[in-house]
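Beneath this line is the structure, given in structure tokens, with notes to follow.
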Amino acid sequence: VFDLLEAVVFILVHWFIFTFLGRHLIIGDSLLLFITTGIFPVLFFRTMSIRAASAIEASKAVTSIPGIAPIDYSISRTLVEFMSFLLLFLLFFALIEAFGISRLAVPYNPVAVVEFLAAIFIFSFGIGLMNSFFNYVFPAWKFIWSIFSRIQIFFSAVFFIPEYMPPQIKEIIVYNPVLHLVSLFRSGFYSSYPMHLFSREYMWGWSFSVLLIGLALERALRNHRAL
């Protein structure tokens, strides 16, 4: 519940700040919608990756039940977090539409949104499994990841459109896979959203790569604990 409330407060605070500073619209008809479509993927990724990792660590109580492995508990915890976040933001977008804040709060391209949800679930779950291994071999990693995942928001095209940035910056931030997830999600709401830097192959390549590595590390950690 705290994570969900934190997400809403985080979005509203940034909306108030940018409105107070007189931030001009980059695209669309609502600054709130633009900020929400950027922050939502990053917070989604951060929360689910942390929950997937913590579920592995907290699975001892349930893995005593025959037939249940830590990975099963991690999947279920991540799915619960996924559905909770999804329902919250469905409500949030519905309120934006209901109060007339934006005419674009209903996705014009739902296929892009569905693809985003599938990609971010796989990517976040894979990163979470990797983090569960790193937390075990290097306990300080949990703190490091918490800091890194928070500052990720400044490098994922949340408050800007990457195509409009200087070439020197674009050449660096384009390697951030979360940026591609943000672009895909926004393309579901804005028909004219620039997608020149977006790479579907790069996004899915990262998602399946971290998932495979995460599954391998989770199996290695499980075998090590069984010794």
Side-chain angles (χ1 to χ4, degrees), residues 2-15 17-18 23 26 33-55 78 81-82 84-86 88-89 92 113 115-135 138 140-166 168-188 193 195 197-200 202-211 213-214 217:
F2 175 78
D3 290 325
L4 299 177
L5 292 177
E6 181 187 29
V8 173
V9 171
F10 193 79
I11 289 171
L12 293 177
V13 166
H14 281 81
W15 177 46
I17 291 175
F18 285 121
R23 170 76 179 267
I26 302 177
L33 182 66
F34 180 77
I35 292 175
T36 302
T37 54
I39 290 180
F40 170 61
V42 178
L43 294 184
F44 212 2
F45 160 66
R46 177 179 177 272
T47 301
M48 287 198 299
S49 62
I50 291 176
R51 286 292 173 271
S54 62
T78 307
E81 199 67 37
F82 177 86
S84 299
F85 246 82
L86 184 59
L88 172 72
F89 276 92
F92 197 78
V113 176
E115 182 182 6
F116 156 79
L117 291 172
I120 200 168
F121 179 84
I122 294 172
F123 181 70
S124 303
F125 184 65
I127 291 292
L129 293 180
M130 291 172 62
N131 282 342
S132 68
F133 178 85
F134 296 143
N135 291 343
F138 183 52
W141 177 254
K142 183 184 294 186
F143 174 76
I144 295 173
W145 178 256
S146 177
I147 299 298
F148 175 77
S149 61
R150 285 184 181 277
I151 65 174
Q152 174 76 232
I153 199 166
F154 300 108
F155 306 100
S156 304
V158 169
F159 304 117
F160 55 87
I161 295 177
E163 281 78 1
Y164 298 165
M165 301 299 291
Q168 299 89 339
I169 297 178
K170 287 194 291 188
E171 291 174 1
I172 297 173
I173 63 175
V174 72
Y175 291 105
N176 181 2
V178 180
L179 179 146
H180 295 262
L181 288 164
V182 172
S183 293
L184 178 61
F185 185 60
R186 276 187 169 148
S187 72
Y193 191 82
M195 295 289 282
L197 295 180
F198 172 73
S199 172
R200 179 169 280 104
Y202 186 76
M203 179 191 71
W204 281 109
W206 262 95
S207 299
F208 284 114
S209 294
V210 297
L211 177 63
I213 295 172
L217 291 177

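Everything numeric here is computed off the predicted structure, so don't read it as measured data.
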So do the side chains of Phe82 and Leu117 get within less than 4.5 Å of each other, counting heavy atoms only?
yes
Which heavy atom of Ala119 sits nearest a heavy atom of Leu181, and at what distance?
CB-CD2, 3.8 Å
For residues Leu197 and Glu163, report the shortest heavy-atom separation together with the two atoms involved.
N-OE2, 3.0 Å
Do any N or O atoms from the side chain of His180 and from the backbone of Val174 form a donor-acceptor pair under 3.5 angstrom?
yes
In short, Val182 meets Ala157 closest at the heavy-atom pair CG1-O, 3.8 Å
Heavy-atom side-chain contact between Ile39 and Trp15 under 4.5 Å
no
Quick one: CZ on Phe45 to CD1 on Ile50, what's the gap to the nearest 0.5 Å?
9.0 Å
Backbone N or O of Ala53 within a donor-acceptor pair of the Asn131 side chain at under 3.5 Å?
no
Answer yes or no: is there a side-chain heavy-atom contact under 4.5 Å between Leu179 and Pro162?
yes
Are any non-hydrogen side-chain atoms of Phe198 and Met203 less than 4.5 angstrom apart?
yes
Please report the interatomic distance OG(Ser199) to OH(Tyr175), rounded to the nearest 0.5 Å.
11.5 Å
Dump the intermediate steps for side chain to side chain contact (heavy atoms under 4.5 Å, CB included) on Gln152 and Asn176, then the final yes or no.
CA-CA 9 Å; Gln152 174 76 232; Asn176 181 2; 2.6 Å; yes
For side chain to side chain contact (heavy atoms under 4.5 Å, CB included), just list the numbers for Phe92 and Leu12, CA-CA rounded to whole Å, side-chain angles, deciding distance to a tenth of an Å, and then say yes or no.
CA-CA 11 Å; Phe92 197 78; Leu12 293 177; 4.2 Å; yes
Centroid-centroid under 6.0 Å between Phe159 and Phe18 rings:
yes
Minimum heavy-atom separation for Met195 to Ser183, with atom names?
SD-O, 3.6 Å
Heavy-atom closest pair (Val158 atom, Gly38 atom, distance to 0.1 Å) is CG2-O, 3.4 Å
Going by the angle between their ring planes, with limits at 30° and 60°, are Phe134 and Trp141 parallel, tilted or perpendicular?
perpendicular
pair Ile173-Phe160: side-chain heavy atoms closer than 4.5 Å
yes
Arg200 and Leu184, any side-chain heavy atoms less than 4.5 Å apart:
yes
Is a side-chain donor or acceptor of Ser156 paired with a backbone partner of Ile153 at a separation under 3.5 angstrom?
no
To check you understand the geometry: which heavy-atom pair defines the closest contact between Ser146 and Arg46, and what is its length?
OG-NH2, 4.1 Å
Indicate the ring-plane relationship of Phe40 and Phe185, choosing parallel, tilted or perpendicular according to the 30° and 60° boundaries.
tilted
Between Trp204 and Ile122, is any pair of side-chain heavy atoms under 4.5 Å apart?
yes
Taking the side chain as every heavy atom from C-beta outward, state whether Trp145 and Asn135 have any pair of such atoms under 4.5 Å apart.
no
Would one find more than 12 heavy atoms of other residues, nucleotides or ligands at under 6.0 Å from atom CH2 of Trp206?
no
Could you give the distance from CG (Leu211) to CE (Met130), rounded to the nearest 0.5 Å?
10.5 Å
Is Ser124 reaching over with its side chain to a backbone N or O of Phe121, donor-acceptor style, under 3.5 angstrom?
no
So Phe89 and Thr36, side chain to side chain contact (heavy atoms under 4.5 Å, CB included) or not? Walk me through it.
CA-CA 9 Å; Phe89 276 92; Thr36 302; 4.1 Å; yes
Side chain to side chain contact (heavy atoms under 4.5 Å, CB included) between Tyr193 and Ile161: does it pass, once the steps are laid out?
CA-CA 9 Å; Tyr193 191 82; Ile161 295 177; 3.9 Å; yes
Tell me whether the guanidinium CZ or amine NZ of Arg186 lies under 6.0 angstrom from the six-membered ring centre of Phe34 and within 45° of its axis.
yes
Which distance, rounded to the nearest 0.5 Å, do you find between the CZ of Phe10 and the CD1 of Ile35?
10.0 Å
